[in-house]
Amino acid sequence: MAAFHKISLFVLVAGALVFQGCNKSLVVKNVNYAQQLETVLVPDSNGDVKDVRHGISYSILPFQFEEFQDTSSVQVTEVRMIRNSDGYYFITADRFKHVYVMAPKQGELKLKKKILVDEQGLLSPAFNWRVPNVQLVNRQTNEVFLMDEEGLSKTNDKDKESKS
């Protein structure tokens with residue numbers, strides 16, 4: 001009988017080890033999510049934007065409500081979006097005062113930070129990827145802002161002068 005218990009115990013331990021080995025998740029480290037170029041999206045009549053290249057779609061209306069307190073009609077003609085190396089989306093549009101930093105979650109984008117960049121509203125904004133920051137250029141005024149998911153890093157005066 002003792003031999004039977006030893007064999008049973010061995011099978012039980014071996015089975016547990018095999019099960020644990022199958023249960024481990026594959027983890028890939030040092031992933032860079034950055035999009036090198038911004039994406040310019042045009043909302044449809046419902047306020048939805050779709051980026052087929054990067055596989056994301058969402059409604060611009062919650063952002064529009066934050067900016068204009070109005071969702072009665074779509075007031076945004078183009079949405080500017082870029083993603084940094086940590087996977088955060090940076091979203092803005094003409095006349096927006098803010099850049100919205102959004103964290104991707106399962107089936108949603110969650111606000112990480114709302115960055116005030118222009119009290120009057122941006123005119124002709126454009127994003128660029130400048131390691132390790134996202135660069136926002138207000139092409140109408142040639143103002144340049146560097147930011148990450150925590151907020152504004154600093155104004156890059158050298159880039160500002162080269163655009164003048």
Side-chain angles (χ1 to χ4, degrees), residues 24-71 73-164:
K24 289 187 179 179
S25 296
L26 175 65
V27 176
V28 178
K29 296 186 179 198
N30 299 319
V31 175
N32 182 346
Y33 292 100
Q35 292 173 208
Q36 300 302 310
L37 302 171
E38 75 173 345
T39 303
V40 181
L41 305 169
V42 177
D44 65 15
S45 60
N46 296 321
D48 295 328
V49 294
K50 294 179 180 144
D51 180 0
V52 177
R53 182 177 64 182
H54 295 106
I56 184 171
S57 62
Y58 55 90
S59 174
I60 193 63
L61 294 180
F63 300 97
Q64 181 180 300
F65 185 79
E66 283 287 316
E67 291 293 320
F68 310 132
Q69 284 67 54
D70 183 9
T71 57
S73 65
V74 179
Q75 299 178 20
V76 176
T77 56
E78 289 182 340
V79 176
R80 304 285 177 153
M81 180 181 73
I82 197 165
R83 194 171 189 192
N84 76 357
S85 59
D86 291 327
Y88 291 97
Y89 290 96
F90 292 70
I91 300 169
T92 197
D94 277 346
R95 300 183 300 129
F96 276 22
K97 297 175 183 178
H98 301 89
V99 169
Y100 294 86
V101 181
M102 307 300 291
K105 301 290 180 190
Q106 187 171 356
E108 66 184 15
L109 290 173
K110 184 176 180 183
L111 181 65
K112 164 79 172 157
K113 188 82 169 178
K114 183 176 169 181
I115 304 170
L116 177 65
V117 289
D118 192 322
E119 284 285 354
Q120 305 304 311
L122 293 164
L123 300 174
S124 196
F127 284 122
N128 295 304
W129 175 240
R130 299 288 185 253
V131 177
N133 297 300
V134 168
Q135 179 190 58
L136 174 71
V137 180
N138 189 348
R139 293 178 296 172
Q140 188 75 22
T141 63
N142 290 328
E143 288 180 278
V144 177
F145 305 92
L146 293 177
M147 58 188 72
D148 61 21
E149 64 272 10
E150 299 302 325
L152 289 175
S153 299
K154 62 181 180 177
T155 301
N156 192 337
D157 294 325
K158 190 180 232 184
D159 280 350
K160 189 175 176 179
E161 290 169 10
S162 68
K163 301 234 186 258
S164 299

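Heavy atoms only: backbone and side chains are in, while hydrogens, waters and symmetry mates are out. Everything numeric here is computed off the predicted structure, so don't read it as measured data.
The closest donor-acceptor contact from the side chain of D86 to the backbone of Y88 lies at 3.5 Å or more, if one exists at all. Side-chain atoms of Q64 come within 3.5 Å of backbone N or O of S73 as a donor-acceptor pair. A donor-acceptor pair is defined here as one N or O able to donate and one able to accept, closer than 3.5 Å; such a pair exists between the side chain of D44 and the backbone of N46. Proximity of a side-chain donor or acceptor of E67 to a complementary backbone N or O of K97 within less than 3.5 Å is detected. A donor-acceptor pair under 3.5 Å is absent between the side-chain atoms of T71 and the main chain of P62, judged by distance alone.
Using a 4.5 Å heavy-atom cutoff, the side chains of P43 and V79 are in contact. Counting only heavy atoms from C-beta outward, the side chains of I60 and L41 never approach each other to under 4.5 Å. Side-chain contact between V74 and L61 is present, with at least one heavy-atom pair separated by less than 4.5 Å. For the pair Y58 and D48, the minimum side-chain heavy-atom distance is 4.5 Å or more. Under the 4.5 Å side-chain criterion, counting only non-hydrogen atoms from C-beta, M81 is not in contact with V49. Here the side chains of L136 and P125 are in contact, with some heavy-atom distance below 4.5 Å.
If you take CG on D51 and OG on S57, they are separated by 9.5 Å, rounding to the nearest 0.5 Å. Here the straight-line distance linking atom CZ of F145 with atom CG of N138 works out to 6.5 Å at 0.5 Å rounding. Between the CZ atom of F65 and the CG atom of D70 there is a distance of 8.5 Å, given to the nearest 0.5 Å. Between the OG1 atom of T92 and the CZ atom of F127 there is a distance of 5.5 Å, given to the nearest 0.5 Å. Here the straight-line distance linking atom CE of M102 with atom CD1 of I91 works out to 6.0 Å at 0.5 Å rounding.
What you find for V76 and E78 is that their closest heavy atoms are CG1-O, 3.3 Å. When every heavy atom of G87 is checked against every heavy atom of P104, the shortest pair comes out as O-CD, 3.2 Å.
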Intermediate values then yes/no, side-chain contact (heavy atoms from CB on, under 4.5 Å), Q75 and R95: CA-CA 10 Å; Q75 299 178 20; R95 300 183 300 129; 3.7 Å; yes
Working for side-chain contact (heavy atoms from CB on, under 4.5 Å), residues V134 and W129: CA-CA 5 Å; V134 168; W129 175 240; 3.9 Å; yes
Validation: residues 113-120 side-chain donor-acceptor distances under 3.5 Å, sequence neighbours left out:
{"unit_1": "K114", "atom_1": "NZ", "unit_2": "E66", "atom_2": "OE1", "d": "2.8"}
{"unit_1": "D118", "atom_1": "OD1", "unit_2": "Q120", "atom_2": "N", "d": "2.8"}
{"unit_1": "D118", "atom_1": "OD1", "unit_2": "G121", "atom_2": "N", "d": "3.4"}

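N128 pairs with exactly one of V137, N133, L37, L146 by the side-chain contact (heavy atoms from CB on, under 4.5 Å) rule, that one being V137. With E38 as the partner, the side-chain hydrogen bond (donor to acceptor under 3.5 Å, both in side chains) test is satisfied by one option alone out of R83, Q135, R80: R80.
Between Y100 and Y89, a ring centre-to-centre spacing not shorter than 6.0 Å is recorded.
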